[in-house]
Amino acid sequence: MTDDALKWLEDWYSDQCDGDWEHQNGIDIGNIDNPGWTLKVDLTGTSLENIPFEEVLHNYDDEVFWWRCWRDAREFHAVCGARNLRSVIGVFRTWVEANQPK
């Protein structure tokens, strides 16, 4: 197990790739003009597809260190401040690890 958020996300993505999933699904990382980041993970076809996720708000009124994570019918979403991308990947990671088959 790694403490590096990006390395963990790379490994999770790689584990989902089965020859089909990666052609229609995946992970998008972008930026917003606050400034900040967006993270979108398509959960279709993963073990998380039907697992509920409770929205997480952290310092949402702060201008620098803030994030919001939620999911809709198909995707995990996060938006965050410019220095919080690792934090939202960490929220996603915590949820994934809490819902892995034992």
Side-chain angles (χ1 to χ4, degrees):
M1 186 161 102
T2 180
D3 287 333
D4 180 272
L6 186 56
K7 171 74 170 95
W8 179 88
L9 189 61
E10 290 172 340
D11 291 344
W12 185 87
Y13 170 79
S14 181
D15 289 346
Q16 306 316 302
C17 295
D18 62 3
D20 290 319
W21 182 84
E22 65 274 15
H23 294 283
Q24 297 181 41
N25 313 101
I27 298 172
D28 292 316
I29 298 174
N31 61 295
I32 56 177
D33 61 0
N34 285 41
W37 297 98
T38 64
L39 172 66
K40 181 175 68 171
V41 182
D42 194 326
L43 303 171
T44 305
T46 73
S47 63
L48 301 164
E49 185 173 18
N50 297 309
I51 304 294
F53 177 84
E54 189 169 329
E55 180 180 38
V56 175
L57 294 173
H58 177 79
N59 279 347
Y60 198 60
D61 294 326
D62 191 85
E63 291 188 26
V64 179
F65 296 102
W66 63 274
W67 61 81
R68 176 181 176 229
C69 302
W70 72 98
R71 73 160 292 168
D72 61 22
R74 290 187 49 211
E75 299 165 333
F76 173 90
H77 295 270
V79 291
C80 62
R83 300 194 179 273
N84 299 123
L85 182 58
R86 282 184 189 90
S87 297
V88 296
I89 293 171
V91 170
F92 179 66
R93 178 181 185 174
T94 298
W95 180 56
V96 169
E97 291 176 349
N99 289 286
Q100 288 180 332
K102 302 218 183 323

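Everything numeric here is computed off the predicted structure, so don't read it as measured data.
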Parallel, tilted or perpendicular: rings of W95 and F92 (30°, 60°): tilted
Rounded distance [0.5 Å steps], CZ in R86 versus CH2 in W8: 15.0 Å
For R74, salt bridge (charged side-chain N to carboxylate O under 4.0 Å, His left out) partners two or more places apart: D42
Min side-chain heavy-atom separation N84-F65 under 4.5 Å: yes
Considering all heavy atoms, the nearest C17-E22 contact: CA-OE1, 3.2 Å
Shared hydrophobic cluster for I51 and V41 (ILVMFWY, side-chain gaps under 4.5 Å): yes
K40/I27 under side-chain contact (heavy atoms from CB on, under 4.5 Å): CA gap, chis, key distance, verdict: CA-CA 6 Å; K40 181 175 68 171; I27 298 172; over 6 Å; no
Criterion side-chain contact (heavy atoms from CB on, under 4.5 Å) against C80, the qualifying member of V88, I89, I32: V88
Flag, side chain of T38 to backbone of V79, donor-acceptor distance under 3.5 Å: no
Under the salt bridge (charged side-chain N to carboxylate O under 4.0 Å, His left out) test, residues paired with R68 that sit two or more places apart: E55
Shortest non-hydrogen separation from D20 to D18 and the atoms involved: N-OD1, 2.8 Å
Test: E97 and R93 ion pair at under 4.0 Å: yes
Backbone N/O of E10 and side chain of S14: donor-acceptor pair under 3.5 Å: no
Short side-chain to backbone donor-acceptor contact, D4 and K7, under 3.5 Å: yes
Distance in Å, S47 OG paired with Q100 CD, rounded so as to fall on 0.5 Å steps: 7.0 Å
Chi angles and distances behind the side-chain contact (heavy atoms from CB on, under 4.5 Å) call for W66, D61: CA-CA 7 Å; W66 63 274; D61 294 326; over 6 Å; no
F76/W70 aromatic ring centres below 6.0 Å: no
Heavy-atom check, side chain of C69 versus side chain of F53, under 4.5 Å: yes
Hydrophobic cluster membership, V64 vs L39, 4.5 Å side-chain cutoff: no
Distance (rounded to the nearest 0.5 Å) between R71 CZ and L48 CG: 7.5 Å
T46 side chain vs L43 backbone, donor-acceptor pair below 3.5 Å: yes
Straight-line distance of L85 CG to I29 CD1, nearest 0.5 Å: 5.5 Å
N59 side chain to D62 backbone, donor-acceptor under 3.5 Å: no
